[in-house]
Structures are given as C-alpha cells and as structure tokens.
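Below you'll find the structure, written out as structure tokens, and then a few comments.
In each ligand, atom 1 is the first atom listed, and ligand 1 is the first ligand listed. The figures here come from the full heavy-atom set of this structure, side chains too, leaving out hydrogens, waters and symmetry mates.
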Amino acid sequence: MGIRKILVYGDETLRKESKEVHKVSAKIKALIKDLKDTMYAANGVGLAAPQIGENLRVFVIDVSEEDQPNNPIVFVNPKIIQKSGAINSYEGCLSFPEAYTNVRRYDYVKVKAYDIKGRPFLLEAFDGTLLARAIQHEFDHLNGILFVDHARNRFEADKELLEKNLLPIDADKLLNESELEEAIAQKTKADE
Ligand code: ZN
C-alpha cells in the first residue's frame, strides 16, 4: 500500500491497547514497509502501527541525520526491560500536526524486541538521546498513551494544542510522574 494516512489526535484507535504479533508474517512485513514509507514521507523519526490504524505492537524508528543514509530500526513486540534517569525535552508527534510540548522521559532504556525477520534483539539507548526518547514515545503508542499525557505543564500544553486546533489534554489520561519530576528537578539543580 505504501504511504498511509496518519491518524490525528482525537481518533479512538490511538487510545487503544495494541495486540502482540504472533508471527512476522507477510502481512506484518507489509505493515512494516508501510510504516517506513509513511514515516519517511512525513519526515518523522518514528511511527507506530496504531498511528496508521493497526492496533498491533510494531513501530519503526530512524534517528539518522538528514544527510546520512536511512537507518530504520524495526521493533516488533517490544518490551522496555530496564529504565533509569530522567530528562525533560520538547517532543512532537506525527499524530499532532505542528504541536510540541515539554515532557518527562527516562534518559536510559533497554529494550527487548523482535526484528523484521522475527529474530530477538536487545537495544540500549543512553543519555536521553533522540533514540532513547523515541523508543519511549513509540512504545507508549502501543499502550494508547500519547506524549501530551506526559506534559510537564498542562496549562502550557493545552495552550499549544488549542493553537494547533487540537483537543485539550484528557485529564483522566494525564500521567502522575512525581518521581521523574523530582529526578529532573535534582538534575537541573546539579547542572546549575
Ligand atoms: Zn507519536
């Protein structure tokens, strides 16, 4: 199918929990190809299957620089098996056209997943890099969690969403991340 339509915030599919993939079948391989095609066409660094209407536990990430060759990483049935540290940074999402807000994330994650050939692999991402943040962002999509649910400042995020003609934050979905908030505050203090 190639380039697919990216669902926009407000679509219920984005809030559903996605199902595990039993086998990396021809159908799943076709889905992975569509995810890549759609992500590159939209200039994104990551795209998860629910964003193109498939509630399956698959996402792709490519954090290579613009002048570098494409380097997509495919994650099937990913699990975050370790996480630590905390950072905050601005994030956007292909399902939120033009909207960016400050969110909390871990700065280290270790992921276990399967690749496009169904082979298991482990991947570590350190220091709050784009890869570390993208993994958490895309992983969240598989659980119906969106980046605005991590907003550090609800007022600021709501203002941004309103300006982009998007729905305000769903108060029921907003995550309480006091430990991450505390870790961010301590780190900011140490850096001063
Ligand atoms: Zn997203």
Which protein N, O or S atoms does the Zn ion (ligand 1) have within a distance shorter than 2.8 Å? Cys93 SG, His137 NE2, His141 NE2

Do we see a donor-acceptor contact under 3.5 Å between the side chains of Tyr108 and Glu124? yes

Is a donor on one side and an acceptor on the other found under 3.5 Å between the side chain of Asn176 and the backbone of Ser178? yes

Is the side chain of Lys173 donor-acceptor paired with the backbone N or O of Asp149 at a distance under 3.5 Å, no angle test? no

Carboxylate-amine/guanidinium contact Asp107 Lys187, below 4.0 Å: yes

Pairing residues for Lys33 by the salt bridge (Lys or Arg N to Asp or Glu O under 4.0 Å) criterion, not counting sequence neighbours: Asp37

Indicate yes or no: does Glu54 engage Arg4 in a salt bridge with an N to O separation below 4.0 Å. yes

